[in-house]
Amino acid sequence: MNETIERQPTHYLLIDFEATCADDGAVPRHQMEIIEIGAVMVDTASLAVIGEFQSFVRPVRHPRLTAFCTRLTSIAQADVDAAPGFAEAAAALKAWRGGYADLVWGSWGDYDRNQLQQDCDFHRVSNPVGAPHHNIKRLFAQREGSGRKFGLDGGVKRVRLDFAGTHHRGIDDARNIARLLPYALGRAEFPRAQR
């Protein structure tokens with residue numbers, strides 16, 4: 001399926017969520033909860049980042065982070081213990097996002113869209129983004145043309161950049177998606193693939 005952005009909004013909202021997880025089945029997929037919201041707002045005309053939002057979120061189903069989750073994300077138990085619950089964090093995201101008119105949102109793949117909906121359903125809150133979603137990973141792969149599906153770090157390497165920040169931290173991943181957006185939209189040329 002080809003992913004396209006039919007109309008040009010004035011802003012792109014790029015979001016990455018980190019969630020509770022385990023490598024031993026202790027946190028089933030349907031019980032994962034967002035523990036970090038990382039978001040950047042990008043001006044469509046310049047593709048410059050014009051705003052950022054970050055919040056840790058306190059999980060309730062599995063309130064103790066697994067050692068695997070902490071290693072993967074670098075998010076500490078103290079970070080989530082001191083954080084607002086999902087409803088409060090979602091309201092803060094909605095309030096921040098409300099300052100920007102006419103937007104679409106995107107994430108690196110569909111995981112983030114699905115995880116957001118899962119958390120909204122569980123906590124019985126409305127979706128705080130309220131805009132059409134686009135799979136930036138799919139757009140990037142289509143523009144790149146090799147047929148490869150790149151993870152976020154692989155996409156950054158494909159355009160010969162160094163990953164900025166810590167991979168699997170929501171705000172840093174969102175910032176790196178913003179760096180790849182010009183390639184996904186066809187507004188930057190891909191470097192020739194190295195052999």
Side chain to side chain donor-acceptor pair (under 3.5 Å) assessment of Ser74 paired with His168: CA-CA 8 Å; Ser74 77; His168 297 300; over 6 Å; no

Tell me, with the steps shown, if Val104 and Leu13 meet side chain to side chain contact (heavy atoms under 4.5 Å, CB included). CA-CA 6 Å; Val104 297; Leu13 171 57; over 6 Å; no

Test Val156 against Asp162 for side chain to side chain contact (heavy atoms under 4.5 Å, CB included), laying out the working first. CA-CA 7 Å; Val156 170; Asp162 292 325; 5.8 Å; no

Just do the side chain to side chain contact (heavy atoms under 4.5 Å, CB included) check on Gln77 and Thr70 with the steps written out, would you? CA-CA 8 Å; Gln77 186 66 45; Thr70 298; 5.9 Å; no

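If you chain together hydrophobic residues whose side chains sit under 4.5 Å apart, Leu152 and Leu161 fall into the same group. Hydrophobic clustering (side-chain heavy atoms under 4.5 Å, transitive across Ile, Leu, Val, Met, Phe, Trp, Tyr) keeps Ile15 apart from Met32. Hydrophobic clustering (side-chain heavy atoms under 4.5 Å, transitive across Ile, Leu, Val, Met, Phe, Trp, Tyr) keeps Phe86 apart from Ile75. Taking hydrophobic clusters as Ile, Leu, Val, Met, Phe, Trp and Tyr residues chained together by side-chain heavy-atom distances below 4.5 Å, Trp105 shares a cluster with Val125. Note on Phe17: it does not cluster hydrophobically with Val60, by side-chain heavy-atom contacts below 4.5 Å among ILVMFWY residues.
Heavy-atom minimum distance, Cys69 versus Ile35: SG-CD1, 3.8 Å. Closest non-hydrogen pair, Ala89 versus Val57, comes out as CB-CG2, 3.7 Å. Arg187 approaches Ser46 most closely through the heavy-atom pair NH2-N, 4.3 Å.
Proximity of a side-chain donor or acceptor of Glu33 to a complementary backbone N or O of Asp119 within less than 3.5 Å is not detected. Listed for the Thr44 side chain is no donor-acceptor partner under 3.5 Å among the backbone atoms of Gln8. In this structure a side-chain-to-backbone donor-acceptor pair under 3.5 Å is missing from Ser107 to Ile136. A distance-only check finds no donor-acceptor pair linking the side chain of Arg58 to the backbone of Val80 [under 3.5 Å]. Side-chain atoms of Asp112 do not come within 3.5 Å of backbone N or O of Asp16 as any donor-acceptor pair. Using modelled atom types, one side-chain atom of Thr10 and one backbone atom of Ala101 make a donor-acceptor pair closer than 3.5 Å. Glu144 places no side-chain N or O within donor-acceptor distance of the main-chain N or O of Phe190, the cut-off being under 3.5 Å. Judged purely by atom type and a 3.5 angstrom limit, Asp172 uses its side chain to pair as donor or acceptor with the backbone of Thr166. The backbone N or O of Lys149 sits nowhere less than 3.5 Å from a side-chain atom of Arg138 that would complete a donor-acceptor pair.
Between Glu36 and Arg169, at least one side-chain N (NZ, or NE/NH1/NH2) sits under 4.0 Å from a carboxylate O, which counts as a salt bridge. Using a 4.0 Å cut-off between a side-chain N of Lys or Arg and a carboxylate O of Asp or Glu, Arg175 and Glu52 qualify as a salt bridge.
Within 6.0 Å of CZ in Arg61 there are more than 12 heavy atoms belonging to other residues, nucleotides or ligands. Applying the 6.0 Å contact sphere to CG of Asp24 captures more than 12 heavy atoms from other residues, nucleotides or ligands. Other residues, nucleotides and ligands contribute only 12 or fewer heavy atoms inside 6.0 Å of the CZ atom of Arg124.
With hydrogens and angles left out, the side-chain atoms of Asp173 and His167 include a donor and acceptor closer than 3.5 Å. Side-chain polar atoms of Gln118 and Asn114 form no donor-acceptor pair below 3.5 angstrom.
Ring centroids of Phe140 and Trp108 are separated by less than 6.0 Å, placing the two rings close together. Not less than 6.0 angstrom separates the ring centroid of Tyr100 from the ring centroid of Phe53.
For Arg143 and Tyr183, the positive end is not near the middle of the six-membered ring at less than 6.0 Å and at most 45° from its axis.
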